[in-house]
Amino acid sequence: MTTTSLMWLMLAGPAALLALALLPAGNPRRLAALARGGALISLATAAVGALLVALGGPLATPALPGFSILFDALTAVMFLLVSFVGSIVVHFARNYMAGDPGHARFARLLSITLASVLLLILSGNMAMFLAAWVATSLGLNQLLVFYGDRPAAILAARKKFIASRLGDLCLAIAIGMVWEVTGALDFSGVFEALKAIAASGDTPASLTIAAVLIAAAALLKSAQFPLHGWITEVMETPTPVSALLHAGIINAGGFLALRFSPLLQLSTPSMDLLLIVGGFTALFASVVMLTQNAIKVALAWSTIAQMGFMLLQCGLGAWPAALLHIVAHSLYKAHAFLSSGSVVDIARASWSPSPGGAPHPARLGLAVAGVLAGVGIVGTLSGFELAREPGLFALGAILLMGLTHYIAQSIDTRPTGFVIARTIVVAAAVAGLWFALQSGMAALMAGTLPEAANRTDLVALAAIFAVVAGFALLTIGQASFITAKPGGATPEWARAFYVHAHNGLYVNALANRLVLRWWPTGL
């Protein structure tokens, strides 16, 4: 069998999933089992494709009218990821939806949506990419209103529909502009044309506009500020939908930015747009997340923050870091949603009194300073240069601020040398692992994603400083100011801030009013 034939076999899984839409309702358990089979076929073909790419490099099928496959390292990673997560979600849904009157309809919708995401990843040309992009959105909208008698679900789906159509329009216009300039629809031809344009140093204005529109489409798809509210209200849907959305579909915006990274890197305005909006959304959503008391809502705000952080990485030109973030976030968030029903039981089983309370802000500040210094030292020892790659050091520092409470607890009122030494070793090991993973992903994506932009311009440096400083202040202040203390110990302004943050600064409430005014639910 030729390599080209093997590439066409990559469509076997998505085709099997799409075929479910043609089957009669029948036994819902059987339909669910067939959906699982299609997902497993996708996973198997993804593994085969990844092996072929590892052995022989990028592969592409002959271009047919509007239809072709590009299987490079980026496709291999994303196809494996979505197939793996999708197979787990489909398997989970088989038991989760058992007994539901709409089980058969749900199995069909879930299969069609998963197939659309897989076709989006496999797309070898811009026309197929756009078609799969729209199909993914429409399939998700049907899943969001699976229980059509729930006003909250309808409102969330309508807000998502508006944001998605804006994103579709931006992407469609951008693809038309790129086609006009490069004369190619297939990605291989587009990338070759972009290389020639980059070498000439003269980027046409239409390509700059196209890049800005693609960045806007990525932001809209990734639920970024201010059109982020819909993703916090999708909890009216079955849990498998939330898992597939947060672990797979929401990454379409990031995949769009990565697939069109050669174009985005030619346009500073598009990079600045991703940098500023993504960085602000990451910080804003992180603050709001800390005030939520519902598990799934907190996870939704976490997804908004993580997607903002990932797009911030794209804006900095740290393309391999963004892909690494997508993979890690997808695996974590799929597990978090599918196990969310057990969180309370796990918390009860593992609960123990903590007489020491939260770490003192001074100890947290010392821990943050230690993280910043440690990242600088470990990153330099790992072969990275702070002056040339400030973005990577900043991203590592933000990620590793999650260790600050662990570090602060070790610097207690009665610290011991053993505890402090163990903490330093663990923190350094985590930092070293992050830089090692970063190097590994960069090596894996060499020749597929552009070399890191390593932005050191004023806008990038200002954004880096603002985001790092914001997360540092958030880390130090969350124990004392973000969460309300019992007995009224928290200052009045902090309690007021807590309420405003809990409501997301009312941005989503304003969006609800606007949508309900022009598109009432009717329920």
Side-chain angles (χ1 to χ4, degrees), residues 1-23 30-91 94 107-108 110-136 139 185-191 244 247-249 251-252 255 258-259 323 326-327 330 444-445 447-448:
M1 183 177 290
T2 64
T3 302
T4 300
S5 300
L6 286 173
M7 283 297 95
W8 287 120
L9 280 179
M10 298 297 111
L11 297 174
L17 291 168
L18 289 174
L20 288 179
L22 304 177
L23 296 178
R30 182 175 300 171
L31 283 176
L34 291 174
R36 184 188 176 202
L40 290 175
I41 291 173
S42 297
L43 181 58
T45 56
V48 172
L51 180 61
L52 292 175
V53 170
L55 295 176
L59 301 166
T61 59
L64 299 177
F67 195 84
S68 59
I69 296 174
L70 172 62
F71 212 98
D72 56 8
L74 175 60
T75 304
V77 171
M78 292 298 298
F79 197 52
L80 269 172
L81 175 66
V82 175
S83 298
F84 176 68
V85 172
S87 62
I88 293 174
V89 170
V90 170
H91 176 71
R94 183 184 181 188
R108 284 179 174 146
L110 186 64
S111 299
I112 292 171
T113 306
L114 178 57
S116 300
V117 179
L118 294 172
L119 289 174
L120 176 73
I121 295 168
L122 289 172
S123 297
N125 64 79
M126 296 188 294
M128 180 178 172
F129 190 98
L130 179 60
W133 175 275
V134 175
T136 298
L185 272 178
D186 62 288
F187 285 117
S188 299
V190 170
F191 296 156
L244 183 61
I249 298 175
N251 293 323
F255 179 68
L258 292 172
R259 178 53 80 202
L323 180 57
I326 286 176
V327 173
S330 294
L444 185 63
M445 291 296 119
T448 299

Check: How would you list, by chain and number, every residue that makes a side chain to side chain donor-acceptor pair (under 3.5 Å) with Thr45, sequence neighbours excluded?
Finding: none
Drop me the distance from [X]'s [atom1] to [Y]'s [atom2], to the nearest 0.5 angstrom.
X      : Y      : atom1 : atom2 : answer
Ile88  : Leu43  : CD1   : CG    : 9.0 Å
Asn251 : Leu323 : CG    : CG    : 9.5 Å
Leu11  : Ile69  : CG    : CD1   : 3.5 Å
Leu122 : Met10  : CG    : CE    : 8.0 Å
Asn125 : Ser188 : CG    : OG    : 10.0 Å

Check: Do the side chains of Thr75 and Val53 get nearer than 4.5 Å, heavy atoms only?
Finding: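 A side-chain contact is absent here, since even the closest heavy-atom pair is not under 4.5 Å.
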Check: Which salt bridge (charged side-chain N to carboxylate O under 4.0 Å, His left out) pairs, counting each pair once, include a residue from residues 68-80, with sequence neighbours left out?
Finding: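 Applying salt bridge (charged side-chain N to carboxylate O under 4.0 Å, His left out) to every pair that reaches into residues 68-80, excluding sequence neighbours, yields Asp72-Arg259.
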Just jot down the side chain to side chain contact (heavy atoms under 4.5 Å, CB included) partners of [X], sequence neighbours excluded, or say none.
X      : value
Ile249 : Thr113, Val117, Thr136, Leu140, Leu244, Leu245
Ala73  : Met445, Thr448
Ala76  : Ala50, Phe71
Leu130 : Val134, Leu171, Ala172, Ile175

Notebook entry, point to check: Picking from Val85, Val82, Val89, what satisfies side chain to side chain contact (heavy atoms under 4.5 Å, CB included) with Leu114?
Noted result: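 Answer to the side chain to side chain contact (heavy atoms under 4.5 Å, CB included) test with Leu114 among Val85, Val82, Val89: Val82.
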Item checked: Qualifying side chain to side chain donor-acceptor pair (under 3.5 Å) pairs with a residue from residues 34-44, counting only residues at least two apart or across chains -> Arg36-His91
Next item on the list: Show your reasoning for whether side-chain contact (heavy atoms from CB on, under 4.5 Å) applies to Val90 and Ser111.
Entry: CA-CA 8 Å; Val90 170; Ser111 299; 5.7 Å; no
Note to self: The criterion is ring pair (Phe, Tyr, Trp, His ring centres under 6.0 Å); which residues satisfy it with Phe84, sequence neighbours excluded?
What the structure shows: none
Next item on the list: With side-chain contact (heavy atoms from CB on, under 4.5 Å) as the test, would you mind laying out the steps for Leu81 and Ile121 before giving the verdict?
Entry: CA-CA 11 Å; Leu81 175 66; Ile121 295 168; over 6 Å; no
